[in-house]
Visitor: 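The structure that follows is given in the form of structure tokens.
Order of the sequence lines sets the chain letters (A, B, ...), proteins ahead of strands, with each chain counted from 1.
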There are 2 protein chains.
Amino acid sequence: MTALPQSEPEALAVGPLEVIPVEHLARVNGSALMLSVVELRMLTELLRRADRIVSREELSTRVWGRELRPGDRSVDVYVHKLRVKLEAALPGWSFIHTHFGLGYRLCPQPRKAAPRLVPERSRAGS
Amino acid sequence: MTALPQSEPEALAVGPLEVIPVEHLARVNGSALMLSVVELRMLTELLRRADRIVSREELSTRVWGRELRPGDRSVDVYVHKLRVKLEAALPGWSFIHTHFGLGYRLCPQPRKAAPRLVPERSRAGS
DNA sequence: CAAATGGTGACCCAAATGTGAACAAGTTGT
DNA sequence: ACAACTTGTTCACATTTGGGTCACCATTTG
């Protein structure tokens with residue numbers, strides 16, 4: 001057992017989400033996500049502060065290592081990319097919540113089901 | 001129970017894939033693959049780290065015993081050769097996944113069905 | 001309502017990866 | 001020794017991917 005700096009935990013997890021930063025690997029419900037380097041860094045930072053609001057400034061600093069320039073939308077764009085991939089990995093769940101004017105907050109939870117227009121089809125197992 | 005050096009397991013297996021390094025044998029769903037020496041070593045190394053990302057540098061070191069020279073594509077070429085043979089052995093499955101800028105990850109799984117060219121007939125009634 | 005803020009698809013383009021083929025070296029069979 | 005194969009290595013070219021940036025639409029706020 002190597003003594004790791006406790007500031008860098010080996011793995012982070014919240015709900016069905018798990019990230020192993022040193023391995024550049026993220027999983028949802030055990031299955032690996034295909035994330036780019038920046039996407040993974042961003043998810044990691046959100047996960048470090050799970051369930052707390054993280055400002056764009058802070059995300060910009062931690063993920064890109066630079067100040068957030070005025071008019072810079074890259075944070076938003078990458079939040080979107082993450083949302084798309086997370087939704088694909090676990091349909092019906094919300095992960096990243098927007099706090100208007102403040103930032104984003106990671107909190108995996110089943111999304112409130114939209115009322116079915118057409119009744120659910122029964123699901124056949126394999 | 002013979003006490004083998006635990007660093008060299010007799011057999012490695014993940015899903016339908018099985019490799020017995022000491023016998024130079026690889027099987028998919030029980031049937032043997034025809035692999036060259038380098039191909040087998042590479043598959044073995046990937047299998048040892050199943051479901052984790054293995055960098056090209058590491059593959060070069062472990063399979064060829066040398067540093068990865070800049071511009072060296074041999075890792076990619078052999079990943080390709082493996083993919084071809086694995087696909088032939090078990091059509092419709094993916095085994096080796098590319099993590100852009102990071103490396104490869106072995107994880108046998110049925111490939112996501114290609115999206116229908118012609119959309120599924122909808123069953124909305126009215 | 002208007003202004004601010006966030007969502008999202010499209011685009012550019014350099015770099016990473018996929019892939020067929022040529023080549024050389026080694027093996028096998030005769 | 002020679003031909004017929006096999007295999008490892010290297011190229012060249014084709015494709016894909018990802019980071020960054022816009023533009024335009026949608027939502028929220030006051």
Side-chain angles (χ1 to χ4, degrees), chain A residues 24-26 32-46 53-88 94-107 111 114, chain B residues 24 26 32-46 53-88 94-106 111-112 114-115:
Chain A
H24 286 276
L25 197 55
L33 290 178
M34 301 296 296
L35 298 183
S36 76
V37 173
V38 175
E39 286 164 355
L40 186 96
R41 288 179 59 108
M42 176 140 219
L43 183 57
T44 303
E45 292 309 323
L46 287 169
I53 300 176
V54 187
S55 69
R56 282 159 221 284
E57 290 74 18
E58 189 163 354
L59 284 171
S60 183
T61 298
R62 302 218 176 234
V63 175
W64 283 270
R66 53 160 140 106
E67 289 299 303
L68 182 61
R69 285 102 43 100
D72 192 340
R73 305 296 311 285
S74 37
V75 172
D76 306 71
V77 171
Y78 273 85
V79 165
H80 178 236
K81 292 183 179 184
L82 273 181
R83 281 175 168 159
V84 169
K85 293 195 177 181
L86 290 169
E87 166 70 20
S94 314
F95 291 84
I96 304 176
H97 308 272
T98 306
H99 287 254
F100 200 93
L102 299 174
Y104 297 99
R105 180 177 53 93
L106 180 73
C107 177
R111 190 183 309 120
Chain B
H24 265 260
L33 291 177
M34 301 298 295
L35 299 183
S36 77
V37 174
V38 176
E39 285 165 354
L40 187 101
R41 289 181 57 108
M42 177 138 202
L43 183 57
T44 303
E45 292 308 324
L46 286 170
I53 299 175
V54 187
S55 69
R56 288 180 169 64
E57 291 74 19
E58 189 164 352
L59 284 170
S60 183
T61 298
R62 302 219 175 234
V63 174
W64 282 270
R66 54 161 140 106
E67 288 299 303
L68 182 61
R69 285 100 45 97
D72 192 339
R73 305 296 312 284
S74 39
V75 172
D76 306 72
V77 171
Y78 270 86
V79 165
H80 178 235
K81 292 184 179 185
L82 274 181
R83 280 175 169 160
V84 170
K85 294 195 176 180
L86 290 169
E87 166 71 21
S94 314
F95 291 84
I96 304 176
H97 308 270
T98 306
H99 285 254
F100 201 93
L102 299 173
Y104 297 99
R105 179 177 53 93
L106 181 75
R111 191 180 308 118
K112 179 171 58 181

Visitor: Rounded to whole Å, please give me the gap between OH in B/Y104 and P in C/dA16.
Guide: 12 Å
Visitor: Counting only side-chain N and O atoms of B/T98, is one of them less than 4.0 Å from OP1 or OP2 of C/dG18?
Guide: yes
Visitor: In the structure I gave you, are the side-chain heavy atoms of B/H80 and B/R73 within less than 4.5 Å of one another anywhere?
Guide: no
Visitor: Does B/L59 reach the side chain of B/L68, with side-chain heavy atoms less than 4.5 Å apart?
Guide: no
Visitor: By the definition side-chain hydrogen bond (donor to acceptor under 3.5 Å, both in side chains), identify the one residue from A/R83, A/H97, A/R56 that meets it with A/Y104.
Guide: A/R56
Visitor: Between B/L102 and A/H24, which heavy-atom pair has the shortest distance, and what is it?
Guide: CD1-CB, 3.7 Å
Visitor: Please figure out whether A/V84 or A/G101 has its closest DNA chain C nucleotide nearer the 5' end.
Guide: A/G101
Visitor: Does A/S55 use its side chain to pair, donor to acceptor, with the backbone of A/G103 at less than 3.5 Å?
Guide: no
Visitor: Quick one: closest heavy-atom pair of B/K85 and B/E39, and the distance?
Guide: NZ-OE1, 3.0 Å
Visitor: To the nearest angstrom, how far is B/K85 atom NZ from D/dT7 atom P?
Guide: 6 Å
Visitor: Hey, can you pull the residues of residues 32-42 of chain A with a non-hydrogen atom under 4.0 angstrom from DNA chain C?
Guide: none
Visitor: Side-chain contact test, heavy atoms from C-beta onward, threshold under 4.5 Å: evaluate it for B/E67 versus B/T61 and give yes or no.
Guide: yes
Visitor: Between atom CD of B/E45 and atom CG of B/L106, what is the distance when rounded to the nearest 0.5 Å?
Guide: 11.5 Å
Visitor: For the OG1 atom of A/T98 and the CD1 atom of A/I53, what is their distance to the nearest 0.5 Å?
Guide: 10.5 Å
Visitor: Output the rounded distance in Å from CZ (B/F100) to P (C/dA15).
Guide: 11 Å
Visitor: Using whole Å, report how far NE2 of A/H99 lies from P of D/dT29.
Guide: 12 Å
Visitor: For residues A/I96 and A/M42, determine if any side-chain heavy atom of one lies less than 4.5 Å from a side-chain heavy atom of the other.
Guide: no
Visitor: Heavy-atom contacts under 4.0 Å between residues 57-69 of chain A and DNA chain C, which residues?
Guide: none
Visitor: Please list, by residue number, the residues of residues 72-83 of chain B whose heavy atoms come closer than 4.0 Å to an atom of DNA chain D; answer none if no residue qualifies.
Guide: B/R73, B/V77, B/Y78, B/K81
Visitor: Is A/R41 reaching over with its side chain to a backbone N or O of A/V63, donor-acceptor style, under 3.5 angstrom?
Guide: yes
